Amino acid sequence: MSLRELLTNYYQIHPEEKLVIDGRTGYLADGFVYFNMESRNLEMIQMEQAVLAYYLMENGFRHIALPVKNMKEEWFTEYKTSTYLIYQVSDRNTVKESLGRNLALFHETGSAYYYEPQSISSYGEWKRLWTDKLNLFEERIAQLTTEETVSPTIFDVLPYIIGMSENAIQYLRETEENEARYTEVDQGTIAFLRFNNQVEREVIWPDELGFDHPARDIAEYIRNCLLSGQSDNVLHEFFRDYQAIRPLSVFSWRLIYARLLFPIHFFDAVEPLINGENSQTGEAALYKMIKLQEVYEERLRNFYEKMEIDKEAFELVEVDWLS
């Protein structure tokens with residue numbers, strides 16, 4: 001079923017002009033833009049994200065897409081073998097201000113949401129999630145050792161990925177067990193599953209929302225900057241603007257560093273090859289990531305100093321192999 005038919009037959013919405021925002025195709029109707037999303041047995045997750053979306057809308061983030069009910073007053077619409085959820089966009093963001101300030105305001109608003117979701121929260125769960133991800137990764141690689149079609153490059157980078165992951169998990173463990181210098185900024189907040197400057201885009205999409213420590217989004221912003229070659233000055237400006245509203249604790253800085261050590265970007269590059277997707281494209285992406293990693297490591301060296309943090313005064317440690 002096309003989105004046009006879905007809107008007409010199940011929502012009494014009559015589509016007009018087709019629009020594309022963030023690569024998502026929708027239809028304009030009566031001043032709103034409508035998008036659909038297949039549920040794929042993720043109803044509980046999507047409803048938790050919907051609750052967060054309505055909360056954000058009520059607290060000033062008017063450029064967020066909101067789920068709407070169908071003619072039967074139901075959130076989900078079943079058609080043949082699929083289930084759909086329709087999103088409505090009323091306002092779109094057209095102003096780009098300071099990203100650091102915008103993200104701090106987003107986290108400030110999100111931290112006032114007192115009901116921690118059950119399905120989309122990663123708050124306090126990084127160590128378990130990272131360990132599980134690493135174990136599953138190793139198991140999957142072991143299963144592929146007999147397959148001739150598997151890129152040998154995967155096995156070349158495997159020890160490195162394992163080593164980086166174990167370093168990050170150990171650093172995180174030491175932080176959680178020994179670091180007590182935390183503040184109110186360390187409480188859970190509405191965050192993004194993978195931050196990519198969503199707060200300054202035209203629309204915030206509910207399916208990208210999660211609940212976590214604010215260090216999650218901050219670290220992913222830094223990761224993107226390091227991999228894309230942004231200067232330290234860009235990061236300094238971001239942190240000045242962010243901390244003008246939400247000063248980071250020592251605990252937060254250690255979480256940020258731990259997350260930067262964990263090679264999420266490498267997992268992203270390897271997983272398509274493991275899953276048997278386009279091998280030629282995946283191989284090129286992996287080679288690119290290997291080259292970028294040298295620069296990434298160099299940028300992480302003396303991280304606290306580069307971020308203008310006095311690591312001696314705050315007794316902050318970094319991993320030895322980056323020294």
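On a predicted model such as this, the values are computed, not experimentally measured, just so you know. FYI, side chains are in, hydrogens and waters are out, and symmetry mates aren't considered; it's all heavy atoms of this structure.
Between the side chains of E174 and Q170, at least one donor-acceptor pair of N or O atoms lies under 3.5 Å. Between the side chains of Q118 and E48, no donor N or O sits under 3.5 Å from an acceptor N or O. Of the N and O atoms on the side chains of Q187 and H213, not one donor lies less than 3.5 Å from an acceptor on the other residue. N70 and W75 form no side-chain donor-acceptor contact under 3.5 Å, judged by distance and modelled atom types alone. Remark: the D186 side chain and the S252 side chain contain an N/O donor-acceptor pair separated by less than 3.5 Å. No side-chain N or O of E78 forms a donor-acceptor pair with one of T83 less than 3.5 Å apart. For the residue pair Q46 / S39, a side-chain donor-acceptor distance below 3.5 Å is found, with atom types taken as modelled. In this structure, a donor-acceptor pair under 3.5 Å is present between the side chains of Y242 and H107.
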For residues 199-206, which side-chain donor-acceptor pairs fall under 3.5 Å, sequence neighbours excluded?
from : atom 1 : to   : atom 2 : distance (Å)
R201 : NE     : N196 : O      : 3.4
R201 : NH2    : N196 : O      : 3.0
W205 : NE1    : D22  : OD2    : 2.9

Would you sort out whether Q49 and S119 count as a side-chain contact (heavy atoms from CB on, under 4.5 Å), showing the intermediate values? CA-CA 9 Å; Q49 290 171 325; S119 302; over 6 Å; no
Does the side-chain contact (heavy atoms from CB on, under 4.5 Å) test come out yes or no for L209 and I64, once each step is laid out? CA-CA 11 Å; L209 295 176; I64 191 164; 4.1 Å; yes
Passes salt bridge (Lys or Arg N to Asp or Glu O under 4.0 Å), E220 versus R223? Steps please. CA-CA 5 Å; E220 293 313 312; R223 189 193 307 275; 2.9 Å; yes
Under the criterion ring pair (Phe, Tyr, Trp, His ring centres under 6.0 Å), I'd like the reasoning laid out for F106 against F61: C-alpha separation, chi angles, the key distance, then a yes or no. CA-CA 8 Å; F106 183 87; F61 291 88; 5.3 Å; yes
Decide yes or no on side-chain contact (heavy atoms from CB on, under 4.5 Å) for F76 and M47, but give the supporting numbers first. CA-CA 10 Å; F76 295 95; M47 288 315 301; 3.6 Å; yes
Go through Y304 and F314 one step at a time and tell me if the side-chain contact (heavy atoms from CB on, under 4.5 Å) criterion holds. CA-CA 10 Å; Y304 293 121; F314 291 106; over 6 Å; no
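Both F303 and V234 are part of a single hydrophobic cluster, where members link through side-chain heavy atoms under 4.5 Å apart. Following chains of ILVMFWY side-chain contacts shorter than 4.5 Å, one can reach L99 starting from I218, so the two form part of one hydrophobic cluster.
For Y182, the OH atom sits in a loose shell: 12 or fewer heavy atoms of surrounding residues, nucleotides or ligands are nearer than 6.0 Å. Few gaps surround OH on Y54; more than 12 heavy atoms of other groups in view lie less than 6.0 Å from it. For K288, the NZ atom counts as loosely surrounded, since its 6.0 Å shell holds 12 or fewer non-hydrogen atoms of other residues, nucleotides or ligands. No more than 12 heavy atoms of other residues, nucleotides or ligands shown are found within 6.0 angstrom of CG on D30. When the shell of 6.0 Å around CE of M44 is examined, it contains 12 or fewer heavy atoms from other residues, nucleotides or ligands. The neighbour count for E294 CD, taken as heavy atoms of other residues, nucleotides or ligands under 6.0 Å away, does not exceed 12. Heavy-atom contacts from other residues, nucleotides or ligands closer than 6.0 Å to CD of E184 number 12 or fewer.
By the 4.5 Å heavy-atom criterion applied to side chains, T109 and I190 are not counted as neighbours. Side-chain contact check for M307 versus W253: some heavy-atom pair is nearer than 4.5 Å. Contact check for L260 versus Y296: side-chain heavy atoms found under the 4.5 Å cut-off. Looking at heavy atoms from C-beta onward, T25 lies out of side-chain contact with N36 at the 4.5 angstrom threshold. W130 is listed as a side-chain neighbour of R259, based on a closest heavy-atom distance under 4.5 Å. Contact annotation: the side chain of I86 never approaches that of K69 to less than 4.5 Å [non-hydrogen atoms, C-beta and beyond]. At least one side-chain heavy atom of V270 sits less than 4.5 Å from a side-chain heavy atom of F137.
Within the 6.0 Å centre-distance limit, the rings of F238 and Y221 are counted as a close aromatic pair. Taking the centre of each ring, Y34 and Y11 stay at or above the 6.0 Å mark. A distance of 6.0 Å or more separates the ring centres of F35 and Y87. Ring pair F267/F262: centre-to-centre distance below 6.0 Å. Between F266 and Y160, the ring center distance clears the sub-6.0 Å criterion.
Across A258 and A168, no two heavy atoms sit closer than the pair O-CB, 3.6 Å. Among all heavy-atom pairs drawn from A269 and P272, the shortest one is O-CD, 3.6 Å. The nearest pair of heavy atoms linking P15 to T8 is CD-OG1, 3.5 Å. What you find for Y27 and L7 is that their closest heavy atoms are CB-CD1, 4.2 Å. The two residues T77 and Y10 make their nearest non-hydrogen contact at CG2-CD2, 3.5 Å. Contact between V185 and L248 at its shortest, heavy atoms only, is CG1-CA, 4.3 Å.
Listed for the D212 side chain is no donor-acceptor partner under 3.5 Å among the backbone atoms of G188. R216 places a side-chain N or O within donor-acceptor distance of the main-chain N or O of L193, the cut-off being under 3.5 Å. S2 places a side-chain N or O within donor-acceptor distance of the main-chain N or O of E5, the cut-off being under 3.5 Å. Between the side chain of Y257 and the backbone N or O of L300 there is no donor-acceptor pair closer than 3.5 Å. Listed for the Y123 side chain is no donor-acceptor partner under 3.5 Å among the backbone atoms of T189. Listed for the Y171 side chain is a donor-acceptor partner under 3.5 Å among the backbone atoms of V317. Not a single donor-acceptor pair under 3.5 Å links the side chain of N302 to the backbone N or O of E305. Under a 3.5 Å cut-off, the side chain of R24 and the backbone N or O of L19 do not form any donor-acceptor pair.
Checking each of I222, D232, L227 against R299 for a side chain to side chain contact (heavy atoms under 4.5 Å, CB included) leaves exactly one that passes, namely D232.
Here E271 pairs with K133 in a salt bridge; the nearest charged N to carboxylate O distance falls below 4.0 Å. Looking at D241 and R101, no side-chain N of the basic residue comes within less than 4.0 Å of a carboxylate O on the acidic one, giving no salt bridge. With salt bridges taken as basic N to acidic carboxylate O contacts below 4.0 Å, none links E318 and R301. Salt bridge annotation for D268-R194: present, with a cationic side-chain nitrogen under 4.0 angstrom from a carboxylate oxygen. Using a 4.0 Å cut-off between charged nitrogen and carboxylate oxygen, E108 and R246 count as a salt-bridge pair.
One distance of note links CG of N178 with CZ of R254; it measures 7.5 Å at 0.5 Å rounding. Here the straight-line distance linking atom CE of M37 with atom CG of L42 works out to 10.0 Å at 0.5 Å rounding.
Ring geometry for Y115 against Y113 counts as perpendicular: the plane angle is over 60°, on a 0 to 90° scale with 30° as the lower cut.
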